[in-house]
Amino acid sequence: KAGVTQTPRYLIKTRGQQVTLSCSPISGHRSVSWYQQTPGQGLQFLFEYFSETQRNKGNFPGRFSGRQFSNSRSEMNVSTLELGDSALYLCASSWQDRSTGELFFGEGSRLTVL
Amino acid sequence: AQKITQTQPGMFVQEKEAVTLDCTYDTSDQSYGLFWYKQPSSGEMIFLIYQGSYDEQNATEGRYSLNFQKARKSANLVISASQLGDSAMYFCAMRELNQGAQKLVFGQGTRLTINP
């Protein structure tokens with residue numbers, strides 16, 4: 001079956017702009033979570049959506065937002081981009097299996113802010 | 001608060017040798033899950049192995065095994081018979097199972113290089 005698909009894979013923006021990243025989970029998966037990966041901070045949890053509701057949010061400013069649609073596809077938005085927002089943004093999906101909680105990740109969207 | 005510590009920034013191993021990647025964790029919860037992921041240069045996080053806090057036996061998946069020592073809060077990954085394709089970043093992560101949300105806390109990672 002198809003894996004987690006993230007688009008776009010690469011993008012370049014300038015400071016002050018906004019960006020929207022998309023994530024299509026594995027078919028049947030209802031939970032989608034987002035992570036930011038930078039060389040300095042490592043992998044950090046942004047937020048998680050389940051059945052169109054945000055269930056958990058990491059320690060990021062309000063410029064970072066997201067949503068989930070009825071088909072479980074998710075988008076995240078970053079407004080007023082800063083240089084420090086340059087990162088690999090990873091999306092993960094899961095069925096919501098409490099026994100394993102295995103998350104399947106996409107290949108990520110690599111954002112460069114100039 | 002949850003915390004994952006990986007003390008080996010880099011490891012260099014000869015092909016076909018076994019390698020152990022260290023991971024220690026800190027949590028106040030009794031119910032939690034431990035994961036190892038592999039991240040090649042392409043960026044994708046590839047799931048390797050999972051260990052639940054109540055699992056009595058160490059998890060194994062092919063060449064991967066997890067050496068789970070609960071009292072020491074240790075969850076080391078063992079890769080047997082290493083291959084050149086094993087060269088990548090490896091991340092240890094933890095999820096608290098009492099919470100409904102799918103949130104993982106990751107360690108800083110270990111860069112593994114397999115030499116021919």
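Order of the sequence lines sets the chain letters (A, B, ...), proteins ahead of strands, with each chain counted from 1.
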Chemist: Between Tyr35(A) and Leu104(B), is there a donor-acceptor pair closer than 3.5 Å when you use the side chain of the first and the backbone of the second?
Modeler: yes
Chemist: For Tyr37(B) and Leu103(A), indicate whether the former's side chain and the latter's backbone hold a donor-acceptor pair under 3.5 Å.
Modeler: yes
Chemist: Under 6.0 Å from the CG atom of Asn59(A), do we count more than 12 heavy atoms belonging to anything else shown?
Modeler: no
Chemist: If you count heavy atoms of other groups shown closer than 6.0 angstrom to NZ of Lys70(B), is the number above 12?
Modeler: yes
Chemist: With rounding to the nearest 0.5 angstrom, report the NZ to OG distance, Lys103(B) to Ser31(A).
Modeler: 13.5 Å
Chemist: Can you confirm whether more than 12 heavy atoms, excluding those of Arg63(A), are under 6.0 Å from its CZ atom?
Modeler: yes
Chemist: Looking at Arg73(A), I want to see if its CZ is surrounded by more than 12 non-hydrogen atoms of other residues, nucleotides or ligands under 6.0 Å.
Modeler: yes
Chemist: Can the ring centres of Phe105(A) and Phe47(B) be said to be less than 6.0 Å apart?
Modeler: no
Chemist: Within a reach of under 6.0 Å around CZ of Arg63(B), are more than 12 heavy atoms found that belong to other residues, nucleotides or ligands?
Modeler: yes
Chemist: When rounded to the nearest 0.5 angstrom, what distance separates CD in Glu107(A) from CD in Gln39(B)?
Modeler: 11.0 Å
Chemist: Counting only heavy atoms from other residues, nucleotides and ligands, does the tally under 6.0 Å from CD of Gln14(B) exceed 12?
Modeler: yes
Chemist: Given side chain to side chain contact (heavy atoms under 4.5 Å, CB included), test Gln37(A) with Phe91(B) step by step and report yes or no.
Modeler: CA-CA 12 Å; Gln37(A) 185 177 23; Phe91(B) 291 94; 3.5 Å; yes
Chemist: Begin with the C-alpha distance, continue with both residues' side-chain angles, and end with the deciding distance and a verdict on side chain to side chain contact (heavy atoms under 4.5 Å, CB included) for Val105(B) and Gln44(A).
Modeler: CA-CA 7 Å; Val105(B) 174; Gln44(A) 293 185 289; over 6 Å; no
Chemist: Step by step, work out the side chain to side chain contact (heavy atoms under 4.5 Å, CB included) result for Met45(B) and Leu43(A).
Modeler: CA-CA 11 Å; Met45(B) 298 287 283; Leu43(A) 280 148; 3.8 Å; yes
